[in-house]
Amino acid sequence: MVVIYPGSFDPVTYGHLDIIDRCSKKFDKIVVSVLNNKSKKNLFTIEERVKLLEKVLEKYDNVEVDTFSGLLVDYAKEKNCTTMIRGLRAVSDFEYEMQMALVNKKLEEEIETFFMVARGKYAYLSSSIVKEVAMFGGNISCFVPEIVEIALKEKIKEV
Ligand code: PNS
């Protein structure tokens, strides 16, 4: 079974990586799909986000990194894949995730969203929080892999 794990990944964190690692053992193939949304203000470009993901995921034979723009359901159709994976960290994620899953189902009946419950130790973790801690010079080594940490520090110098 092939599944799509869509997201912004700006940047990828240990929370994302834990979901991908666990999915890699349950599904035949995971397509990690990075949203290329020009109107959304991301810190990293689409190319940078993809490159970081490719590097940190290179050990997996059954994980592919891809990009998409527009509606997720249209992309899913293109990919011939009807199962989406989303991580749930806390109850606060639930409302938005539920809304997204229901909208996607309304747009495309075939689409199913599978929720993976985040490991307790990553329940607080988000790309936004990592960027905020990094901006103020905090230690982010327990939140992201080293290459992401280096890229984030470089990026912060630029902005
Ligand atoms: O990592 P994120 O930012 O929580 O990921 C959100 C994402 C990319 C999965 C979501 O915004 C998305 O699927 N966007 C594509 C546009 C779309 O299909 N919207 C309708 C469903 S809400």
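Numbering of residues begins at 1 and proceeds along the displayed sequence. Both counts, for ligands and for their atoms, begin at 1 and track the order of listing.
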Nearest-contact summary for atom 3 (O) of ligand 1 - protein heavy atom, Å: Ser8 OG, 2.6 Å
Any donor-acceptor N/O pair, Thr13 side chain to Gly15 backbone, under 3.5 Å: yes
Heavy-atom pair of closest approach, residues Thr113 and Ala101: OG1-CB, 3.6 Å
Contact summary for Arg86 and Tyr96, nearest pair of heavy atoms: NH2-CE2, 4.2 Å
Residue and atom name of the nearest protein heavy atom (relative to atom 14 (N) of ligand 1), distance in Å to one decimal: Leu35 CD2, 3.9 Å
For the student: nearest non-hydrogen atoms of Val31 and Asp66, plus distance: CG1-CB, 3.9 Å
Asn104, any N or O under 3.5 Å of ligand 1 N or O: no
Parallel, tilted or perpendicular, as decided by the 30° and 60° cut-offs, for the rings of Tyr124 and Phe143: perpendicular
Evaluation steps, salt bridge (Lys or Arg N to Asp or Glu O under 4.0 Å), between Lys121 and Asp18: CA-CA 10 Å; Lys121 65 176 178 176; Asp18 182 55; over 6 Å; no
Nearest-neighbour protein heavy atom for atom 22 (S) of ligand 1, which is reported as residue plus atom name and distance: Met100 CG, 3.2 Å
Which residue and heavy atom of the protein sit nearest atom 7 (C) of ligand 1, plus the separation: Arg86 NH1, 4.3 Å
For Ala76 against Met84, the heavy-atom pair lying closest together: CB-CE, 3.6 Å
Close-contact set for ligand 1 against Gly70 heavy atoms, below 4.0 Å: 15 (C), 16 (C)
Region of Leu107 that comes within reach of ligand 1 [heavy atoms, distance under 4.0 Å]: neither
N/O separation below 3.5 Å, Leu72 to ligand 1: yes
Identity and separation of the nearest protein heavy atom to atom 11 (O) of ligand 1: Tyr96 OH, 3.8 Å
Ligand 1 versus Leu71: contacting region, heavy-atom distance under 4.0 Å: both
